[in-house]
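In what follows, a single structure is set out as structure tokens and then discussed.
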2 protein chains.
Amino acid sequence: MSRKQTIIATLFDCEEGPPPGLDALAGEAGIRHATSAAELAEALPGAQVLLVTDFRTGVLGEAWPHADALRWIHATSAGVDAILIPEVVKSDILVTNARGIFDRGIAEYVLGAILLFAKDMHGSLRYKSEWQWCHRDTERIDGRRALVVGAGSIGREIGALLKAAGLHITGVSGRGRDADPVFGHVHPASELIALLGDADFVVIAAPLTEATEGLFDVRTLAQMPAHARLINVGRGPIVVTDDLVAALRDGVIAGAALDVFEEEPLPPEHPLWVMDNVFITPHMAGDFIGWREALVEQFIDNFHRWKAGESLFNVVDKGRGYGAADG
Amino acid sequence: MSRKQTIIATLFDCEEGPPPGLDALAGEAGIRHATSAAELAEALPGAQVLLVTDFRTGVLGEAWPHADALRWIHATSAGVDAILIPEVVKSDILVTNARGIFDRGIAEYVLGAILLFAKDMHGSLRYKSEWQWCHRDTERIDGRRALVVGAGSIGREIGALLKAAGLHITGVSGRGRDADPVFGHVHPASELIALLGDADFVVIAAPLTEATEGLFDVRTLAQMPAHARLINVGRGPIVVTDDLVAALRDGVIAGAALDVFEEEPLPPEHPLWVMDNVFITPHMAGDFIGWREALVEQFIDNFHRWKAGESLFNVVDKGRGYGAADG
């Protein structure tokens, strides 16, 4: 090991195992694996790079005092809320994310959820289980209106796919912008409430920040039409779950497809499990076959830039809490 | 009633009720409703026009001797197999169909079925019913290959939507053709067997004719890759059901989404009901909310052409068994 060899610490969930394919860097860097705060505290001293594949981690703060050489943290997730602890935000450590990798899978999930509702596929599977031949007329999605909340990399891919499938799309995001390649005009978040009343489908693809936490509460949900469905592929805490349960129960909105939750895993006794108008998936919307390998390849690309002294891609704006290119 | 007033006989399923909106023609034509062979025998004498909304009818042959003035039969379905009894085929009676009305709904159904399989939505609903948080990696559909069998009006709409959603599409139909606006080159049916091996999804959108009846038998199904899924939105008898059940059971193919069946309704004890890799809907793929009204509007448009002595649209090539424009 040369004196100048880079050391990469990795933090991953013990059930998941270490990032696949990282061995490709064995000749270029020392790699130290950690799955807990204690292991991370041992791995961090001298490490210039931290690769975090566990987006639910809460241990970074505990091990932080041992980060004596850290220059760069890469998160293999789109959301970086778990990484942006105050110590990281106020440091000059670079943070990058997995921008791009999950876009297409999530967009397909959203389109699938819309068709699940429109074609009453849930009902068809229920009738099938009862051997029942029960004809229904179902909805068409062409011309229906989708409001995409969060027009970053993921939100844009969702918008593009829904548009291609014939829906009318509107984007709302942060401060808004013009001339977006997918949405054209992106409305600022301040216009969200006014836009909800026209939406047949509301898709949350926003990062979890101070501005989005609890954004979909009883007041926001009440603005949606009674026939509308909510699809959350962003982060669970953007929605106030108790308010959503009440809205679904009382017919304030017609349904929800949820890939993310305030508490993950969703507890077994949670009322959402037994609601017929709810589609639940365990935070897997973007996890296409091969995603773990794709994430490591993306990190390795960025690592080679870092070693060469080049600027990194997918740099996160730590103040705003999401990709600098996703404003 | 003037001597020259047109008489329209209608044949519909008694459970469905008469075609909604047909009263709009009350000032222009005498309308006689029938739901059985006996009623049709009473309705036909003197009727120049027959409107058939029951695509499963078998009574036309029985009442045929009473068709003493018939010039035009309109079927409010895409498939006209039940209408094309020998007496109709060899007569000079015009036959028209509902070409166009069901296209978009069926295309959306096919895309929904593809996403149902790719995203394992069936699995997610099953885990939900057990309150189980079970992460899986799922398929992406971009770049996957769909073979559309039957490149008429419906097949083209399916092809266009799947292409817009990122799939690679191939069309096969009758004698084949070039410069199709959706598929480009449409392969002739003689190439079907050779094309199946490349397909991730095989979509049957063909009419039921002598050439397509039983086309998907044990030999044809064996050409599909083991991971491929079959989607039938055409007609049930195009698939040999027993062969399909065996192929699904033995892993010859991975799954099937079926909207049409050899016997409809699918009998309660049928093995397809209990197969986990099968999605079943009761011949409703194209039946969007408002379809019955749309069908009658389309008939009324054509009726006004007929009254004015203009040429009708959606004329069926009785020899080939499908729309003359869908060669």
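What you see is a predicted model, and the numbers here were worked out from it, not measured in a lab. Here is the naming used below: chain letters follow the sequence lines, and residue numbers restart at 1 for every chain.
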Side chains of B/Val148 and B/Val110 in contact at under 4.5 Å (non-hydrogen atoms): no
Pairwise side-chain contact, B/Leu51 with B/Leu22, heavy-atom cut-off 4.5 Å (strictly under): yes
Residues that B/Ala199 engages under side chain to side chain contact (heavy atoms under 4.5 Å, CB included), provided they are two or more places apart: B/Leu147, B/Val202
Option that, when pairs with chain B are counted at under 4.5 Å, heavy atom only, ranks first among A/Gly123, A/Pro265, A/Gly166, A/Ala118: A/Pro265
Could you show, one pair per line, the donor-acceptor contacts under 3.5 Å between chain B and chain A?
from     : atom 1 : to       : atom 2 : distance (Å)
B/Arg104 : NH2    : A/Ala165 : O      : 2.5
B/Glu108 : OE1    : A/Lys119 : NZ     : 2.9
B/Glu108 : OE1    : A/Ile141 : N      : 2.8
B/Glu108 : OE2    : A/Ile141 : N      : 3.0
B/Glu108 : OE2    : A/Asp142 : N      : 3.1
B/Lys119 : NZ     : A/Glu108 : OE1    : 2.9
B/Lys128 : NZ     : A/Met275 : O      : 2.5
B/Lys128 : NZ     : A/Val278 : O      : 2.8
B/His135 : NE2    : A/Asp287 : OD2    : 2.6
B/Asp137 : OD1    : A/Trp291 : NE1    : 2.7
B/Asp137 : OD2    : A/Trp291 : NE1    : 3.3
B/Asp137 : OD2    : A/Arg292 : NH1    : 3.1
B/Thr138 : N      : A/Asp287 : O      : 3.1
B/Thr138 : O      : A/Ile289 : N      : 2.8
B/Ile141 : N      : A/Glu108 : OE1    : 2.8
B/Ile141 : N      : A/Glu108 : OE2    : 3.0
B/Asp142 : N      : A/Glu108 : OE2    : 3.1
B/Ala165 : O      : A/Arg104 : NH2    : 2.5
B/Met275 : O      : A/Lys128 : NZ     : 2.5
B/Val278 : O      : A/Lys128 : NZ     : 2.8
B/Asp287 : O      : A/Thr138 : N      : 3.1
B/Asp287 : OD2    : A/His135 : NE2    : 2.6
B/Ile289 : N      : A/Thr138 : O      : 2.8
B/Trp291 : NE1    : A/Asp137 : OD1    : 2.7
B/Trp291 : NE1    : A/Asp137 : OD2    : 3.3
B/Arg292 : NH1    : A/Asp137 : OD2    : 3.1

Side chain to side chain contact (heavy atoms under 4.5 Å, CB included) against B/Ala294, all qualifying residues, sequence neighbours excluded: B/Ile101, B/Phe288
A/Ile253 side chain reached by A/Leu248 side chain, heavy atoms, under 4.5 Å: yes
Validation row: A/Leu162, A/Phe201 side chains within 4.5 angstrom (heavy atoms): no
Engaged part of B/Leu111 at the chain A interface, taking heavy atoms whose separation is under 4.5 Å: both
Under 4.5 Å from a heavy atom of chain A, the part of B/Phe261 involved: side chain
Minimal non-hydrogen separation, B/Val296 against B/Gly21, with atom names: CG1-C, 3.8 Å
When A/Val274, A/Leu272, A/Ile280 are compared by non-hydrogen pairs under 4.5 Å with chain B, the top option: A/Ile280
Closest heavy-atom pair and its distance - A/Ala98, A/Ala78: CB-N, 4.5 Å
Options A/Ala285, A/Ala164, A/Pro268, ranked by heavy-atom pairs under 4.5 Å with chain B, top entry: A/Pro268
Any A/Leu258 side-chain heavy atom under 4.5 Å of A/Val239 side chain: no
Portion of B/Leu161 that has a non-hydrogen atom of chain A nearer than 4.5 angstrom: side chain
Leading residue by heavy atom contact count with chain B [cutoff under 4.5 Å; candidates A/Gly105, A/Pro282, A/Ala107]: A/Pro282
